[in-house]
Amino acid sequence: MFYVFHVDVNSAYLSWEAVYRLQQGDSLDLRTIPAVVGGSEADRHGIVLAKSIPAKKYGIHTGETLYGARQKCPGLVVVPPRYELYIKCSEAMVAIMNQYVPLIQRYSIDEAFLHYQLPPDMMPGQGAEAAAVAAARRLKTQIRQELGFTVNVGIGPNKLLAKMASEFQKPDQVHTLFRHEVPEKMWPLPVQELFFVGRATARKLRGYNIFSIGQLAATDPKLIHCWLKKPGLLIWQYANGLDDSRVTDEPMPVKSIGNSNTLSFDVTDRATAHQILLALCETTAMRLRKIRRCAQVISVTLRSSELITYRHQCRLTSPTDVTSLLWQESCRLFDNFWRKEPLRHMGVHLSDLCSNEYYQLSLFHQHLEKHHQLDRTIDALRLRFGTRAVFRGCFSHSPIQPLMGGVLQDQEAEYPMMVSYL
DNA sequence: TCTGGGGTCCTAGGACCC
DNA sequence: TCTGGGGTCCTAGGACCC
């Protein structure tokens, strides 16, 4: 007999930033004023990454532009993100959770599922529920006292209901959503608050006169399937509180990796675009080699200054992890489909990954051997001396960063996604 | 100086094969 | 010479999550 806990850090980036600043001697607590963590507007990354509860009261939401957020709240305080700090905060929280349960599934940097096993002599019922709530309260309090930030803990019989419960009133709360509480606590909620019901699905459901989670739960699943195909069945199950996915700490196999970047200036010429593709291929291929995979499909994504996004992909003649080969392919794709308009964003993604073992053993690719050697050597140098230790000559007198996208670090956190489609 | 970056999964439609 | 049908592979696009 077990329950699932879902732990969710309240306003994660903003809370962590606030705690850090207080520790550094700042007297102002960002959580108590309208404040957001936001990207750099000069670099055209100006969106809200996290908001304080007072900022939320102005109608500011995550993902909107800082420009828009300031319109809603002229005195808004904006602070830049500090990802290394957030990773440390996340690690510290998981260390505390480990004192409570042995099985933890990290779902994102600020969310985790815990498998809470009841003592073998305890039968399901009010005693068991009370025991779970008491444990969750202790966990929540310990995190607050030792780390200085607050979390919500949702308790349920499965991951879905635990996650829904953690979304109830915030901050610093423990909520339950046991099966017998579903009609009272979950069914009256608007349908878009159900996990996996986004804006598009909510709009469609409203078109069918379904406004609440309870209405969705009471609809014939055949009908939902007809309207929304496979995801429809999933959300119908969720609406009924059904989810049999397990809490697991086994990492999910990586299906694809990629890096993309909104550029600080619009790109209008082919040579610059090719150089940016190289900077993106460098990081993406480095990550690919780190997980010992080769890619069989490569795709290039472009976003125009008018914010039109399009993507083209192709299958490689043979799997590879060689930076220069991936770059070559990305340039070929780019030349074939770029519509010649100014570009504000470019990306390179690799998918259909396979093991690199055969490839490494292959002696047929002797002419590739020097590429392998080169990549391996560069990877090792960057690991030892930092990612900026080695870069290609073409970047030396260029405004373009030689490596674009996520920087590899030893402690780089990888968070497996929830198994959404069962 | 107004719109990020990392993913997963599903579906439709075309090409191609038998 | 009046155009079935199943299956696979591939690509583009969309939806969702944090």
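Per chain, numbering begins at 1; letters A, B, ... match sequence-line order.
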Inset, instruction - Mind listing the closest non-hydrogen atom pair of A:D321 and A:A285 along with its distance? - result: O-CB, 4.2 Å
Legend entry - salt bridge (Lys or Arg N to Asp or Glu O under 4.0 Å) against A:D8, all qualifying residues, sequence neighbours excluded: none
Inset, instruction - Grab the CD1-C1' distance between A:I235 and B:dC9 for me, whole Å please. - result: 15 Å
Legend entry - Residues A:H175 and A:Q169: side-chain donor-acceptor under 3.5 angstrom: no
Legend entry - Sequence-distant partners of A:Y208, ring pair (Phe, Tyr, Trp, His ring centres under 6.0 Å), two or more places apart: A:W227
Legend entry - DNA chain C-proximal residues of residues 296-305 of chain A, any heavy atom under 4.0 Å: none
Inset, instruction - Keeping to residues at least two apart or across chains, list the ring pair (Phe, Tyr, Trp, His ring centres under 6.0 Å) pairs with something in residues 28-50 of chain A. - result: none
Legend entry - Contact under 4.0 Å: A:K230 side-chain N or O vs B:dC10 OP1/OP2: yes
Inset, instruction - Assert yes or no for the condition that the ring centre distance of A:Y86 to A:Y13 is strictly below 6.0 Å. - result: yes
Legend entry - Options C:dT11, C:dC17, B:dG5, nucleotide nearest the side-chain atoms of A:F196: C:dC17
Inset, instruction - To the nearest Å, give me how far apart CG (A:L353) and P (B:dC9) are. - result: 12 Å
Legend entry - Candidate nucleotides B:dG5, C:dC17, C:dA12, ranked by approach to the side chain of A:K163 - the nearest: C:dC17
Legend entry - Contact check, side chains of A:V153 and A:S166, non-hydrogen atoms, under 4.5 Å: no
Inset, instruction - Would you check if there is a donor-acceptor pair between the side chains of A:D29 and A:T32 at a distance under 3.5 Å? - result: no
Legend entry - Non-hydrogen side-chain atoms of A:N261 and A:Q401 separated by less than 4.5 Å: no
Legend entry - Closest to side chain of A:L307, choosing from B:dT3, B:dC10, C:dC18: B:dT3
Inset, instruction - Using a 4.0 Å heavy-atom cut-off across all strands, classify A:E64 as base, sugar-phosphate, or nothing. - result: nothing
Legend entry - Atom-pair distance (CD1 on A:I109; C1' on C:dC17), nearest Å: 15 Å
Legend entry - Residue closer to the 5' end of DNA chain B, A:S40 versus A:L228 (nearest nucleotide): A:S40
Inset, instruction - Using the P atom on both, measure B:dG14 against C:dG4 and round to a whole Å. - result: 16 Å
Legend entry - Aromatic contact, A:Y116 with A:F5 (centres under 6.0 Å): yes
Inset, instruction - Please determine if a side-chain N or O atom of A:T201 lies less than 4.0 Å away from the OP1 or OP2 oxygen of C:dC16. - result: yes
Inset, instruction - State which of B:dC2, C:dC18, B:dT3 makes the closest approach to the side chain of A:D110. - result: C:dC18
Inset, instruction - Round to the nearest Å and state the distance from A:R339 atom CZ to C:dA12 atom C1'. - result: 11 Å
Inset, instruction - Please report, rounded to the nearest Å, how far the P atom of B:dG5 is from the CG atom of A:L280. - result: 10 Å
Legend entry - side-chain N/O A:N261 vs B:dG5 OP1/OP2, d < 4.0 Å: yes
Inset, instruction - Remember a base hit wins even if backbone is also touched, and classify A:H345 as base, sugar-phosphate or nothing at under 4.0 Å, heavy atoms. - result: sugar-phosphate
Inset, instruction - For the side chain of A:R344, starting at C-beta, report the closest nucleotide among B:dT11, C:dA12, B:dG4. - result: B:dG4
Inset, instruction - Check every atom of C:dT11, B:dG5, B:dT3 against the side chain of A:R315 and return the nucleotide holding the closest atom. - result: C:dT11
Legend entry - First of A:I47 and A:E41 reached from the 5' end of DNA chain B, by closest nucleotide: A:E41
Inset, instruction - Using ring pair (Phe, Tyr, Trp, His ring centres under 6.0 Å) as the criterion, list what pairs up with A:H345, not counting sequence neighbours. - result: none
Inset, instruction - Report the distance from atom CD of A:Q275 to atom SG of A:C331, rounding to the nearest 0.5 Å. - result: 10.5 Å
Inset, instruction - Side chain of A:Y107 only, please: which of B:dT11, C:dG13, C:dC17 is the nearest? - result: C:dC17
Legend entry - Closest to side chain of A:H45, choosing from B:dC2, B:dG5, B:dT3: B:dG5
Legend entry - Pairing stems for DNA chain C [at least three consecutive pairs; Watson-Crick or G-U; under 3.5 angstrom]: B:5-18 with C:5-18
Inset, instruction - For A:G258, answer base if it contacts any base atom (sugar-phosphate contacts may also be present), sugar-phosphate if it contacts only those atoms, and nothing otherwise; contact means non-hydrogen atoms under 4.0 Å. - result: sugar-phosphate
Inset, instruction - Describe the nucleic acid contact of A:G39 in one word from base, sugar-phosphate, nothing, applying a heavy-atom distance below 4.0 Å. - result: nothing
Legend entry - Phosphate OP1/OP2 of C:dC17: any A:S108 side-chain N/O under 4.0 Å: no
Inset, instruction - Take atom NZ of A:K255 and atom P of C:dC16, then tell me their distance rounded to the nearest Å. - result: 20 Å
Inset, instruction - Could you check whether A:I257 gets within reach of a base, just the sugar-phosphate, or nothing at all, counting any heavy atom under 4.0 Å? - result: sugar-phosphate
Legend entry - Interatomic distance where CG belongs to A:L49 and C1' belongs to B:dG4 [whole Å]: 7 Å
Inset, instruction - Between C:dA15, B:dG5, B:dC10, spot the one nearest the side chain of A:T262, thanks. - result: B:dG5
Legend entry - N/O donor-acceptor pair, side chain A:R311 with base C:dG13, under 3.5 angstrom: yes
Legend entry - Interatomic distance, A:R199 CZ vs C:dC16 P [rounded to whole Å]: 9 Å
